[in-house]
Amino acid sequence: MISIKTLGQFIIEKQADFPYAKGELSRLLRDIGIAAKIVNREVNKAGLVDILGSIGDSTNVFGENQKKLDVFADEQFIAALKDGGECCFVASEEQEEGILLTDTGVSKDAKYIVCIDPLDGSSNIDVNVSVGTIFSIYRRISPLGESLTEQDLLQNGLKQVAAGYIIYGSSTMLVYTTGKGVNGFTLDPSIGEFCLSNPNMKIPSSGKIYSINEGNYSKFPNGIKQYIKYCQEEDVASNRPYTSRYIGSMVADIHRNLLMGGIFIYPQTAGQPYGKLRLMYECNPIAFIIEQAGGKASTGTERILEIEPQELHQRVPAIVGSSEMVDKVLEFIAQS
Ligand code: P6P
């Protein structure tokens, strides 16, 4: 009889790691797990019902075309966080200002803030490529019952109390950390539970995979161009040439590199001086997870987790993955 440990059992068990925990963070993580199962159900049948494709000319706050599943996922996670009652504010890629849940009936004692990308990589939905959800959890700083301030909403990544992602792929997995390692859970549809499948995940210190959109090569900074050429050179001793793997869905690229070793790079270009990826609900949570798994996460000039955020939707360049590979990119950048 294979012993099954569900996400709920694991969360309760690990709650003991936090002596002052009263179960609120545990409930919050479980609320996210429930919404993930609902989103998974719709992602898996997107081809069968009219939930594919774009919502006419609907665009998100950045003018990017909104997919029906984007909006559905956003609604599900916000509803789960509202019903769960542990979250006082949600910052979502799909919401320009964020949502003050204490204005919608959630208790003024709710102490957590969630930053979320409800369905990352959604441009891949219509072609049946893996997509994902990315979330980041902070504890509010201002006293309970008082109004939230910008200080509550713009905390640096080192202040995260938890972070995770869900990948809706050949199987659906939830991977998260609370700062004491990284654990992965695979959804067993037959029992409707996320079950512990990848305990204590560690990213190899090096690997053979580099993930970057080489179509933008001509726009990359010189250090990044030199690193790409380094990856393509023949050198048996250092296992090169590496393999190029780029899905265009950050969660899928990061998840593969976490398991196999590798590096993911989304650099700045002249047209996108801060890159494309968002700090608060893409780069910070992924950086927390990868560092907890033994890897590194840099913008090329600073550790992502140490960036002092200036606004909810700010973008940062990302160089994330196996520690030795990130170090090599930073070497090329420093020399360029
Ligand atoms: P590009 C998806 O839109 C996303 O935000 C990430 O998931 C992904 O890594 C990146 O953008 C892909 O961007 O410009 O290479 O298509």
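Remember, it's 1-based here, ligands and their atoms both numbered in the order they're listed.
Closest to atom 7 (O) of ligand 1, if we only count protein heavy atoms, is Asp120 OD2, 2.5 Å. Shortest contact from atom 15 (O) of ligand 1 to any protein heavy atom: Tyr246 OH, 2.5 Å.
The distance from ligand 1 to the heavy atoms of Met250 drops below 4.0 Å at these ligand atoms: 6 (C), 7 (O), 8 (C), 9 (O). Proximity to Glu282 (heavy-atom distance under 4.0 Å) selects the following atoms of ligand 1: 5 (O). Each of the following atoms of ligand 1 lies closer than 4.0 Å to a heavy atom of Phe264: 9 (O). The ligand atoms of ligand 1 that sit less than 4.0 angstrom from a heavy atom of Tyr266 are 1 (P), 13 (O), 14 (O), 15 (O).
Considering both main-chain and side-chain atoms, Asp253 never comes within under 3.5 Å of ligand 1 through any nitrogen or oxygen pair. Checked by distance only, ligand 1 and Asn216 stay at 3.5 Å or farther apart across all their nitrogen or oxygen atoms. Considering backbone and side-chain N/O atoms, Ser249 never comes within less than 3.5 Å of an N/O atom of ligand 1. The shortest N or O to N or O distance between Lys276 and ligand 1 is below 3.5 Å.
Proximity of the aromatic rings of Tyr138 and Tyr112 is defined here by a centroid distance below 6.0 angstrom, and this criterion is not met.
Hydrophobic clustering (ILVMFWY, side-chain heavy atoms < 4.5 Å, transitive): Met260 and Val251 are in one cluster.
Applying the 6.0 Å contact sphere to CZ of Arg245 captures no more than 12 heavy atoms from other residues, nucleotides or ligands. Within a 6.0 Å radius of CD in Gln151, no more than 12 heavy atoms belonging to other residues, nucleotides or ligands are found.
Salt bridge annotation for Glu282-Arg315: absent, with no cationic side-chain nitrogen under 4.0 angstrom from a carboxylate oxygen.
Atom CG of Leu101 is separated from atom SG of Cys87 by 5.0 Å, given to the nearest 0.5 angstrom.
Glu42 places no side-chain N or O within donor-acceptor distance of the main-chain N or O of Val39, the cut-off being under 3.5 Å.
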Show the numbers, then the answer: is there a side-chain hydrogen bond (donor to acceptor under 3.5 Å, both in side chains) between Asn40 and Asn44? CA-CA 6 Å; Asn40 174 68; Asn44 280 349; 3.3 Å; yes
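Contact annotation for Val251 and ligand 1: no heavy atom of the residue comes within less than 4.0 Å of the ligand.
Note on ligand 1: Leu277 sits in its first shell, one or more heavy atoms being nearer than 4.0 Å.
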